[in-house]
Asker: 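Supplied in structure tokens, the structure appears directly below.
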Number of protein chains: 2
Amino acid sequence: MATIREVSKFANVSVATVSRVINGNKWVSDATRDKVLAAMKELGYKPNSFARSLATNKSHTIGMVIGDLSGPFFGKLMNEAEQEIRNAGKHLIITSGHDTVESERDAIDFLLQRRVDALILHLDVLPDQDIIDIADNSGVPLILVNRLVPELINSSISLDNELGGYLAVKHLTDLGHTQIATITGPLYKADARARLSGYRRALEEAGIAYDERLVVESDFQEEGGIAPVERLYRRKVKFSALFIQNDHMAFGAMNTLKGRGVNIPEEVSIVGYDDMVMARYVEPALTTVAVPVAEFGKLSAQMALKLSANEPADVQNLRFVPELVVRSSTAPYRKK
Amino acid sequence: MATIREVSKFANVSVATVSRVINGNKWVSDATRDKVLAAMKELGYKPNSFARSLATNKSHTIGMVIGDLSGPFFGKLMNEAEQEIRNAGKHLIITSGHDTVESERDAIDFLLQRRVDALILHLDVLPDQDIIDIADNSGVPLILVNRLVPELINSSISLDNELGGYLAVKHLTDLGHTQIATITGPLYKADARARLSGYRRALEEAGIAYDERLVVESDFQEEGGIAPVERLYRRKVKFSALFIQNDHMAFGAMNTLKGRGVNIPEEVSIVGYDDMVMARYVEPALTTVAVPVAEFGKLSAQMALKLSANEPADVQNLRFVPELVVRSSTAPYRKK
DNA sequence: AAAATGACTGTAAACGGTTACAGTTGGATA
DNA sequence: TATCCAACTGTAACCGTTTACAGTCATTTT
């Protein structure tokens, strides 16, 4: 691939002049500029971003680590963030953490080696201390999405998952349910733990004792909704309502329940979490907890851009509040 | 951020030695290696990938351009590709084309400037000629996903969308339907056009005349299923079956039909396209055309890796074949 | 004892850009 | 006419690595 030097020879000018043309420096005569532009076109020249970044010590790039590249949640997050960053004339490099400590660390290393101007991190398993170390020592500003590390409270954008769980279950207790089962995500994820503790708080508030047998841990995947339902039945515990920690699992669970001839919501009320677009298309339409993902993505990108420009980003523990969306999968408790 | 020189000073060795340690060169004594490692740790050293890539002329990176970062189709595609590439010890940089010529070009430029070892391109709007130019002049091998450019047939991995459309509609004609409407994606996308021509072929084969009034162009989004249904009714054309070019739109359309009190499949049969996970959770479960997205992602990554290593990738116009998945949204035609 | 070898380490020239600084013009100003 | 300045262009150092080549030892080999 052609270099600036070849272009300069071809156009009979110095490398400095070519560089000036590339960077839109105004001290170049029109004639020269045209010559250089023609040479660049002729040789198919594309600036080498490595050399450029090396010389300027700027990458014009924001790095993002997320758990899973598929998945509607992250999709929206990425999309919004990318829009915002592209609009600012920069670029986003996305890597996946794959839910393992090693992979998350590797992803961050990759971005750090690429000297990104800022990091947007959605980390599921990396220990707090590691994150703090990166914040302290990497020299790169960072935004923490959907995770609260007390020491980094000023660069966290998080969702109050505890409140989300609470709202979901409170809705059920308000409807008169007292036997409320729950299907959680993997409990090594803070999200899942927080939602579970919201579940407990709502029960407590309603004076209902916490019963371990009503809790099944799963994996946040669609298929993850199926087995847990079977397990609940095998445990022979009764429940008239089910709080499922994300919509994906809820869809799977609803299907299994229907397969068993259970009427929703007459016999079992169901609340999901995330408010995916599909939530309103299943039958019955799913009552769920809405999460402002798009805002999330947009805001994190804006913050990252600000921080990378050394502007103060008054993040101040931005904590989004989830909202309950009531549809048709929940109904008042009725005795059988 | 610390450089190799600082590390070398700190450890009292030369830069070459530090570089050797970084690269695992064996001609370094254990004592020296330990000294260097300690120095690196102490100074929080991370190799500068720019300098490195500049010196070696290798980026160990594969670039990917896709239409939309959200969306279940691309999610899976990215995910599989990333897995494969990470396993090979390389990294994937993903950028979005945003469905505009300018943006797609910009995304490719970005990746080219970053000197990626290969490109995986899912382009919706960039003209063929541009793609050919890139293939010819960029010096970077490329894999074309889901698009067929005759000149680049040997680096295309595509799905036979025409066949997909055909299968969907043939299923309907086989069921006795003769008034079959269709909702297409944006017709500037080759996918949509191909599916539409599959629709026409199936009709022709069944001896049914093509009727423009039964065709509505839409946008591949969920909401995109709603208005077209209304338009069909406003046009006062009768139809007993509906081929909708992706599942997302199908979900929207099913909902609108239900809202109008139309029974599916008794009054209107519906076939979607993509076989998203949700297809089996809606009611009735959606008959649809399955696309091997995961294979797509995996294979494109493997090809890209091979090409970047200068190994021959015998792509040879890899054309995946879609499959019809029959569920409950289609039924034999019955007179009203 | 001299030469050869193997194990290790250092020097310095790339890699492809940017940019401070130093020219070289030609025209305007004193 | 001498001086200055604005407009433009070139030279060369530098960014942080890698790596060919050249050393320096301590062991072996002859």
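In the text below, chain A, chain B and the rest are named by the order of the sequence lines, each starting its count at 1. If you're wondering where the values come from, they're calculated on a predicted model, not measured in any experiment.
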Asker: Nearest to the side chain of A/Arg115, heavy atoms from C-beta on, is which of D/dT11, C/dT9, D/dT17?
Answerer: D/dT17
Asker: Identify, between B/Ser14 and A/Asn23, the residue whose nearest nucleotide on DNA chain C lies closer to the 5' end.
Answerer: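 Closer to the 5' end of DNA chain C: B/Ser14.
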Asker: On DNA chain D, compare the nucleotides closest to A/Arg5 and B/Ala51; which residue's is nearer the 5' end?
Answerer: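 Looking at the nearest nucleotide for each, A/Arg5 comes out on the 5' side.
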Asker: Considering heavy-atom distances to DNA chain D, does B/Pro47 or B/Arg20 have its closest nucleotide positioned more toward the 5' end?
Answerer: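 Comparing both residues, the 5'-ward one is B/Pro47.
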Asker: Rounded to the nearest 0.5 Å, what separates atom CD in B/Glu295 from atom CZ in B/Phe320?
Answerer: 5.5 Å
Asker: Pick one: which of A/Ile93, A/Leu111, A/Asp117 meets side-chain contact (heavy atoms from CB on, under 4.5 Å) with A/Ser59?
Answerer: A/Asp117
Asker: When you measure from the side chain of B/Val15, which nucleotide among D/dT18, D/dC8, D/dG16 comes out closest?
Answerer: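 The answer is D/dT18, which lies nearest to the side chain.
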Asker: Does B/Thr32 place a side-chain N or O at less than 4.0 Å from the phosphate oxygens OP1/OP2 of C/dC8?
Answerer: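 Negative; the distance criterion is not met.
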Asker: Taking B/Thr95's backbone N and O only, do any of them form a donor-acceptor pair with A/Glu82's side chain (distance below 3.5 Å, no angle check)?
Answerer: no
Asker: Looking at the side chain of A/Ser19, which of D/dT18, C/dT19, D/dG10 is the nearest nucleotide?
Answerer: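 For A/Ser19, the side-chain atoms sit closest to C/dT19.
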Asker: How close or far is atom C1' of D/dG16 from atom CG of B/Asn48, stated in whole angstroms?
Answerer: 6 Å
Asker: Let me know, please, whether B/Asp30 or A/Lys46 comes out on the 5' side of the other along DNA chain C by nearest nucleotide.
Answerer: B/Asp30
Asker: Looking at C/dG17, I'd like to know if its phosphate oxygens (OP1 or OP2) sit under 4.0 Å from a side-chain N or O belonging to A/Ser49.
Answerer: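 For C/dG17, OP1/OP2 do not have a side-chain N/O of A/Ser49 under 4.0 Å.
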Asker: Between A/Arg52 and C/dT18, does any side-chain N or O lie under 4.0 Å from OP1 or OP2?
Answerer: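 Result: yes.
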Asker: Is the phosphate of C/dT18, meaning OP1 or OP2, less than 4.0 Å from a side-chain N or O of A/Thr56?
Answerer: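 Answer no for this pair, as no side-chain N or O of A/Thr56 is under 4.0 Å from OP1 or OP2.
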Asker: Can you see which heavy atom on B/Lys90 is nearest to which on B/His60, and at what distance?
Answerer: CB-O, 3.5 Å
Asker: Between D/dG16 atom C1' and B/Leu43 atom CG, what is the distance in whole Å?
Answerer: 15 Å
